[in-house]
Amino acid sequence: MNVITGKEISVEYTLRLDDQTVVESTEGSAPLTYKHGMKEIIPGLEKALDGMAVGETKQVTVDPAEGYGMVDPKAVVEVNKDRIPPDAQKVGAQLQGKDPEGRPIFPHVTEVKPDTVVLDFNHPLAGKTLHFEVKIAGVK
């Protein structure tokens, strides 16, 4: 069977950045399972998997526009410290919240000032070219 819209796909993958740093991998764990064509994974990877057969492998490069988007400077905001839990007032801290529509958001702290904290709402992989090694493990 091949990867087509509406099918449940299981894919084994390793994701690297330009410098070959491994960001994620299914090695040693269960494959990623998703429904093809339903925008459950990044667009560039989904397009590259289209039509592949079970057992087939591929190297896929995804540009930022087809991945997690470009870095948006407007997604970096400064908020008063009293809005951030004290234990999260450190550079690199990952926060969790909801946007006005109720969707989950995950800003991270990029700077701590005397009265404020700078939060970056961009995805950590925004602006990055993604390099996947993929293998189709199953199609249902």
Side-chain angles (χ1 to χ4, degrees):
M1 291 187 86
N2 289 25
V3 175
I4 58 172
T5 298
K7 294 289 185 182
E8 183 178 282
I9 309 305
S10 296
V11 62
E12 298 170 356
Y13 73 94
T14 297
L15 167 58
R16 289 186 170 83
L17 300 178
D18 284 337
D19 66 3
Q20 296 304 306
T21 301
V22 174
V23 176
E24 289 181 350
S25 180
T26 59
E27 188 173 328
S29 62
L32 168 72
T33 302
Y34 74 99
K35 196 160 192 171
H36 195 72
M38 302 300 148
K39 300 180 181 180
E40 295 177 3
I41 63 173
I42 59 172
L45 181 58
E46 189 166 53
K47 287 176 189 174
L49 298 179
D50 200 44
M52 288 181 67
V54 173
E56 188 175 347
T57 61
K58 186 186 264 189
Q59 302 281 331
V60 177
T61 298
V62 178
D63 292 327
E66 291 289 308
Y68 291 97
M70 298 306 294
V71 173
D72 180 0
K74 294 177 187 167
V76 178
V77 297
E78 196 166 331
V79 300
N80 288 327
K81 273 189 168 177
D82 62 4
R83 297 186 60 197
I84 308 297
D87 62 332
Q89 293 180 17
K90 58 186 173 207
V91 173
Q94 183 77 49
L95 303 174
Q96 182 175 347
K98 294 191 178 197
D99 70 8
E101 287 81 41
R103 295 178 298 220
I105 53 173
F106 303 96
H108 60 278
V109 176
T110 59
E111 188 177 354
V112 179
K113 298 181 178 181
D115 298 320
T116 60
V117 174
V118 179
L119 300 176
D120 186 346
F121 287 83
N122 286 292
H123 189 282
L125 296 176
K128 307 235 187 264
T129 299
L130 309 174
H131 304 277
F132 291 90
E133 295 171 27
V134 297
K135 178 182 179 182
I136 303 301
V139 176
K140 292 183 187 177

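Everything numeric here is computed off the predicted structure, so don't read it as measured data.
Looking at Asp63 and Leu130, their side chains never come closer than 4.5 Å, going by heavy atoms from C-beta outward. The side-chain heavy atoms of Thr116 and Val79, taken from C-beta on, include no pair separated by under 4.5 Å. Residues Glu27 and Glu12 are not in side-chain contact: their nearest non-hydrogen atoms beyond the backbone lie 4.5 Å or more apart. In this structure the side chain of Asp115 never reaches within 4.5 angstrom of the side chain of Lys81, judged on heavy atoms. Here the side chains of Leu32 and Tyr13 are in contact, with some heavy-atom distance below 4.5 Å. Using a 4.5 Å heavy-atom cutoff, the side chains of Thr110 and His108 are in contact. Residues Lys47 and Glu66 are in side-chain contact: their nearest non-hydrogen atoms beyond the backbone lie under 4.5 Å apart. No side-chain heavy atom of Leu95 sits under 4.5 Å from any side-chain heavy atom of Phe106.
Closest approach of Lys128 to Pro64, counting heavy atoms only: O-CG, 3.5 Å. Considering every non-hydrogen atom in both Leu49 and Ile41, the closest pair reads CD1-CD1, 4.1 Å. In terms of heavy atoms, Val118 sits closest to Glu78 at CG2-CG, 4.1 Å. Of all non-hydrogen atoms in Val62 and Val60, the two that sit nearest each other are CG2-CG1, 3.8 Å. Residues His36 and Asp50 share a closest heavy-atom pair of NE2-OD1, 3.0 Å. The two residues Asn122 and Ala126 make their nearest non-hydrogen contact at CB-CB, 4.2 Å.
Under a hydrophobic-cluster definition in which Ile, Leu, Val, Met, Phe, Trp and Tyr are linked whenever side-chain heavy atoms come within less than 4.5 Å, directly or via other members, Val71 and Val77 are assigned to different clusters. Both Met1 and Ile9 belong to a single network of hydrophobic side chains, linked directly or stepwise wherever heavy atoms of I, L, V, M, F, W or Y lie under 4.5 Å apart. The cluster map of Ile, Leu, Val, Met, Phe, Trp and Tyr, joined by side-chain heavy atoms under 4.5 Å apart, puts Leu125 and Met70 in different clusters. Hydrophobic clustering (side-chain heavy atoms under 4.5 Å, transitive across Ile, Leu, Val, Met, Phe, Trp, Tyr) keeps Val117 apart from Val76.
Distance OG1/Thr5 to CE/Met38: 6.5 Å, rounded to 0.5 Å. The line from CD of Glu111 to CG of Asp120 is 11.5 Å long, rounded to the nearest 0.5 Å. The CZ atom of Phe121 sits 9.5 Å away from the CG atom of Asp99 when rounded to the nearest 0.5 Å. Atoms OG1 and CZ, on Thr129 and Arg16 in that order, are 15.5 Å from each other to the nearest 0.5 Å. If you take CD1 on Ile136 and CD on Glu56, they are separated by 7.5 Å, rounding to the nearest 0.5 Å. Distance CD/Gln59 to CZ/Phe132: 12.0 Å, rounded to 0.5 Å.
Applying the side-chain contact (heavy atoms from CB on, under 4.5 Å) test between Val134 and each of Leu15, Leu45, Thr57 identifies Leu45 as the sole match.
Between the side chain of Gln89 and the backbone N or O of Ile84, at least one donor-acceptor pair lies under 3.5 Å.
A donor-acceptor contact under 3.5 angstrom links the side chains of Thr61 and His131, judged on distance only. Checking Tyr34 against Glu8 by side-chain atom types alone, no donor-acceptor pair falls below 3.5 Å. A donor-acceptor pair shorter than 3.5 Å cannot be found between the side chains of Asn80 and Asp82.
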**Asked** After noting the C-alpha distance and the side-chain angles of Leu17 and Val23, does the key distance pass the side-chain contact (heavy atoms from CB on, under 4.5 Å) rule?
**Response** CA-CA 7 Å; Leu17 300 178; Val23 176; 3.5 Å; yes
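Ion pair Glu46/Lys39 not flagged as a salt bridge, since none of the NZ, NE, NH1 or NH2 atoms sits closer than 4.0 Å to an Asp/Glu carboxylate oxygen. A salt bridge does not link Lys58 with Glu133: none of the charged nitrogens is closer than 4.0 Å to a carboxylate oxygen.
By the 6.0 Å contact criterion, NZ on Lys90 is open, its count of non-hydrogen atoms from other residues, nucleotides or ligands being 12 or less.
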